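Every chain is numbered from 1, with letters handed out A, B, ... down the list of sequences. These figures come from a predicted structure and were not determined experimentally.
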2 protein chains.
Amino acid sequence: MKGYTHRENEREPTTSLPLWEALVTDAVGDVIEFWGFKRNHGRVWALLYVRGEPMTARQIREGLDLSKGAVSMINRDLEHWAIVERVRIPQQSAWHYVAEVAFMKMITRVLKQREGKLISRVATDLKDARKLAEEADEPDDEVLERIERMQRLAGLMQQAVDIFTKTSRLDVSDTRDLL
Amino acid sequence: MKGYTHRENEREPTTSLPLWEALVTDAVGDVIEFWGFKRNHGRVWALLYVRGEPMTARQIREGLDLSKGAVSMINRDLEHWAIVERVRIPQQSAWHYVAEVAFMKMITRVLKQREGKLISRVATDLKDARKLAEEADEPDDEVLERIERMQRLAGLMQQAVDIFTKTSRLDVSDTRDLL
DNA sequence: CATGGTGTTCAAAAGGGCTTGAACTTTTTT
DNA sequence: AAAAAAGTTCAAGCCCTTTTGAACACCATG
């Protein structure tokens, strides 16, 4: 409202992304964060995906306003998860990165593996707890029962995640010409 | 090893929980944290559940080594989610708390609500992005297509969570005499 | 209606994870 | 093989969430 007629502000040319791209990358960032990953993992993948062509680390950095180090680390993760590939463009010196489309697959894979570790540790701890409670001075049958119930609950959660990952993978493959 | 014959140390009588109870509460704390809640929410609920009898805030505080304020806030949350109830014990002045058993139900409920908010926001943003990309100087059909794919992907994720929450609730109700 | 014990609030501190950026390594170019 | 450019690493800093604890509010009871 106060003198915006001609844009001559010299700084802040960084975030060079058009609004619609920013919306897309942020949306995917939010989703990926919901699933327990880092927001910027999602933003980088989304940018590569929506652009549809190989981009350099520099372009990513400037587009999403990240540091050099961050882009390096994020790309390493994405590559490791096999949802981004590093390619060489003939005449260009720097590496270029392209998005793979196996997005849900990667999410379910990583999620399942994380959850697997957790559940096995919980199972062990609950088993130990049960044993200790059993060997206590005055073992209380009701307490033992409740621990058993929690053990079974842990099993159910594992099952639930299994079903979830299977289901979502199916859903995506149903639409394999989709993503 | 240096003069512990008679216990006259005035501090540190806090963590009064037997090891097996600590194992149980920590295990549940880990699980609940995995689902995006606070570790201590799980620990408090687990303690109340495994004890099976009403406990005062003080007992919880001493058992889990939390501050007065923390217990107050955590109990408020748990009450609000209806997995802990506040009861009055006849001769006693302080409130007592007991665990409800609808644990999975609460998790799926809260999770679904959180996810619902997220998905609707993402849907809106992607729709806006698509519109803006359409109205751009030189609209690229492939880009529009990719945005559409992401929109559909968002729908699939919602579906996946729906199925998951339904499934896990069913699984728990299958064993309704269990928890 | 004072007293003591209990419960709540919230500003400040602690904690924990993510990002930064400078130093360093590797790769490419000349 | 030197120089330049790109990529990697990680300690330090930043930021956001959680926890603390002192002050305050709220009872019950004498």
Side-chain angles (χ1 to χ4, degrees), chain A residues 12 14-15 25-26 28-30 32-45 47-48 54-81 84-98 110 114 118, chain B residues 11-12 14-15 25-26 29-30 32-45 47-48 54-81 84-98 110 114 118:
Chain A
E12 297 290 349
T14 39
T15 312
T25 52
D26 284 354
V28 174
D30 289 350
I32 203 82
E33 192 173 31
F34 176 83
W35 291 102
F37 299 83
K38 282 191 264 188
R39 189 180 154 74
N40 283 333
H41 284 143
R43 296 213 304 145
V44 170
W45 179 85
L47 178 58
L48 292 172
M55 294 178 72
T56 64
R58 166 185 286 275
Q59 287 175 304
I60 295 170
R61 178 159 67 78
E62 289 173 351
L64 299 177
D65 197 21
L66 298 170
S67 70
K68 208 179 166 200
V71 171
S72 172
M73 285 187 295
I74 288 165
N75 280 348
R76 174 156 51 68
D77 292 343
L78 296 179
E79 241 182 307
H80 182 245
W81 290 329
V84 154
E85 197 186 358
R86 181 185 299 227
V87 298
R88 183 65 82 186
I89 300 287
Q91 247 50 18
Q92 315 263 331
S93 67
W95 284 103
H96 286 58
Y97 301 86
V98 283
V110 177
R114 277 208 304 243
L118 173 76
Chain B
R11 72 245 172 280
E12 294 293 347
T14 41
T15 311
T25 52
D26 285 353
D30 289 349
I32 203 80
E33 192 173 33
F34 176 83
W35 293 102
F37 299 83
K38 283 192 269 187
R39 189 180 153 74
N40 282 332
H41 283 143
R43 296 214 304 146
V44 170
W45 178 85
L47 178 58
L48 291 172
M55 293 178 72
T56 64
R58 165 185 288 276
Q59 288 175 303
I60 295 170
R61 178 160 65 78
E62 290 174 348
L64 299 177
D65 197 21
L66 299 170
S67 71
K68 211 179 165 200
V71 172
S72 174
M73 287 186 295
I74 288 166
N75 279 347
R76 172 157 50 70
D77 292 342
L78 296 178
E79 244 180 307
H80 182 245
W81 291 330
V84 154
E85 197 185 357
R86 182 186 296 228
V87 298
R88 186 61 87 183
I89 300 287
Q91 248 50 21
Q92 316 263 331
S93 65
W95 285 104
H96 285 59
Y97 302 86
V98 283
V110 177
R114 277 207 304 241
L118 172 76

*Mind checking side chain to side chain donor-acceptor pair (under 3.5 Å) for A:R39 and listing every partner two or more places apart, or none if nothing turns up?*
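By the side chain to side chain donor-acceptor pair (under 3.5 Å) rule, A:R39 matches A:D26, A:D30.
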
*Mind checking side chain to side chain donor-acceptor pair (under 3.5 Å) for B:R86 and listing every partner two or more places apart, or none if nothing turns up?*
B:E79

*Across the strands shown, which category fits A:R88 at heavy-atom distances under 4.0 angstrom: base, sugar-phosphate, nothing?*
sugar-phosphate

*Sugar-phosphate atoms are those with a prime plus P, OP1 and OP2; base atoms are the rest. Using that split, label each nucleotide of nucleotides 6-23 of chain D B, S or - for protein heavy atoms under 4.0 Å, 5' to 3'.*
SBBBB-------SSBB--

*Is it true that a side-chain atom of B:R76 and a backbone atom of B:V71 form a donor plus acceptor pair closer than 3.5 Å?*
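No, B:R76 side chain to B:V71 backbone: no donor-acceptor pair under 3.5 Å.
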
_Less than 6.0 angstrom from the centroid, inside 45 degrees of the normal: does B:R114 satisfy that with respect to the ring of B:F37?_
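Satisfied, under 6.0 Å and within 45°.
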
_Criterion side-chain contact (heavy atoms from CB on, under 4.5 Å) against B:I60, the qualifying member of B:N40, B:I74, B:L48_ = B:L48

